[in-house]
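I have placed the structure first, in the form of structure tokens, so that the comments after it can refer back to it.
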Amino acid sequence: MPELPEVETIKNQLKEKIIGKKIGKFFVKEVERRGKMLIIKLTKQKSLVFHLKMTGQLIYQGTKNKHTRKVFKFNDGSCLLFNDLRKFGWFKFVKDFEEMKEIKGLGPDALLIKEKYLRDGLQRRKTKIKALLLDQKFISGIGNIYADEILFEARIDPRKRASNLTFFEISSLYEAIKKILKKAIQQRGSSAKDYLDAFGKEGAYLEFHKVYQKTGKPCFVCKTNIQRVKINQRSTHFCPTCQNN
DNA sequence: CCATGTACCTGAAGGC
DNA sequence: TGCCTTCAGGTACATG
């Protein structure tokens, strides 16, 4: 599932390959990321905006398959494939992408948030902390995999109410968000299922996962079996001993 | 404000 | 072998 680290990886890889290339009547000027969305900025203020949802892929110089929804062709003969097995993902060709409701509705990027923003936001929210981390209006970029990994790193029970986190726990959470996301970017993301980077390669972060999809396995730290519960319809993995507060 | 349910979609996995 | 059910997940939207 392309979350922030996966989209960041695709963005970095595409930047190296497509900036300056011509597509249709436009040139590619820049590639950016907002939360989980990828933006290919073109000349004349136009943009291609993508949300890959769960199974979307953007593959440079890929080979078409049954899940290929769109082939973008550049004038030098290279191409960019948009694949999506489950068809939840989308792309739009727009003018002024900053004005899109999907972009305007995003909270600050998880890599850029300030500790104070987190502290103030948590204080006035009664929802479970895991649910809040997934709320793109509050913080953008974190999905189900990294929410679980971040909360394990911070040793916080995902069911705990946001407003009940202690001062120290919020500090830990803030540090964990940055640490886990940066490390995942270094590994080019996590290929839990369908994710591939822009060169069609799997991400390597999965081997660093401590709780996600580890139900019933011994905790990395204390050997207690990892538990799975549902929080707001999302499967949530955590260690009942390490994350007990 | 918060939680829950439903819809979108496909393929894998498990039960019988 | 094969049919049926369940599950996975990001987000919008409707409903308690």
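The shown structure was predicted, so the numbers you read here are calculated from the model rather than taken from an experiment.
In terms of phosphate contacts, A:K66 brings a side-chain nitrogen or oxygen within less than 4.0 Å of OP1 or OP2 of B:dG11. Distances shorter than 4.0 Å separate none of the side-chain N or O atoms of A:K230 from OP1 or OP2 on B:dT4. Listed pair A:K130 / B:dA3 fails the phosphate criterion, with no side-chain N or O lying under 4.0 Å from OP1 or OP2. Between A:R161 and the phosphate of B:dA3, there is a side-chain N or O to OP1/OP2 separation shorter than 4.0 Å. Here A:H51 reaches the OP1 or OP2 of C:dT11: one of its side-chain N or O atoms lies under 4.0 Å away. Between A:N232 and B:dC2 there is no side-chain polar atom (N or O) within less than 4.0 angstrom of OP1 or OP2. For B:dT10, one of the phosphate oxygens OP1 or OP2 lies less than 4.0 angstrom from a side-chain nitrogen or oxygen of A:K87. OP1 or OP2 of C:dT11 sits under 4.0 Å from a side-chain N or O of A:Q136. One finds a side-chain N or O of A:T127 lying less than 4.0 angstrom from the OP1 or OP2 phosphate oxygen of B:dA3. At the phosphate of C:dG9, OP1 or OP2 sits under 4.0 Å from a side-chain N or O atom of A:Y212.
Checked against the 6.0 Å centroid criterion, the rings of A:F208 and A:F220 do not qualify as a close aromatic pair. Taking the six-membered ring for Trp and the full ring otherwise, A:Y205 and A:Y195 have centroids separated by 6.0 Å or more.
Residue A:F88 and nucleotide B:dC8 are classified as a stacked aromatic pair, their ring centres being separated by less than 5.5 Å at an interplanar angle below 30°.
Just one of A:N12, A:L111, A:I10 meets the side chain to side chain contact (heavy atoms under 4.5 Å, CB included) condition when paired with A:R33; it is A:L111.
Atom pair A:I129:CD1 and B:dC2:P shows a separation of 12 Å (rounding to whole Å applied). Computed from coordinates, the A:W90 CH2 to C:dA12 P distance equals 9 Å when rounded to whole Å. When the P atom of B:dG11 is taken as reference, atom CG of A:N65 falls 11 Å away, rounded to whole Å. A:K36 has its NZ atom 14 Å from the C1' atom of C:dA12, to the nearest Å. Distance A:Q213 CD to C:dG9 P: 7 Å, rounded to the nearest Å. Atom NZ in A:K104 sits about 15 Å away from atom P in C:dA12, given to the nearest Å. One can place CG of A:D194 at 17 Å from P of B:dC9, the figure rounded to the nearest angstrom. Remark: C1' of C:dT11 and CE of A:M100 are 14 Å apart, rounded to the nearest angstrom.
For the pair A:R155 and A:F152, the cation sits on the ring face: its NZ or CZ lies under 6.0 Å from the ring centre, inside 45° of the axis.
Comparing A:M54 and A:K137, the nucleotide of DNA chain C nearest to each residue sits closer to the 5' end for A:M54. Of the two residues contacting DNA chain C, namely A:K101 and A:P2, the nearest-nucleotide position lying further toward the 5' end is that of A:P2. Checking A:R124 against A:Q233, the closest nucleotide of DNA chain B that is more toward the 5' end is the one next to A:R124.
As judged by a 4.0 angstrom heavy-atom cut-off over every strand, A:T55 is placed among residues making no nucleic acid contact. Residue A:E102 is classed as having no contact, given no heavy-atom separation below 4.0 Å to the nucleic acid.
Aromatic ring orientation, A:F199 versus A:Y60: perpendicular (interplanar angle above 60°, classes split at 30° and 60°). The aromatic rings of A:H51 and A:W90 sit tilted relative to each other, their planes meeting at an angle between 30° and 60°.
The base of C:dT11 sits with one of its N or O atoms less than 3.5 Å from a complementary donor or acceptor on the side chain of A:R234.
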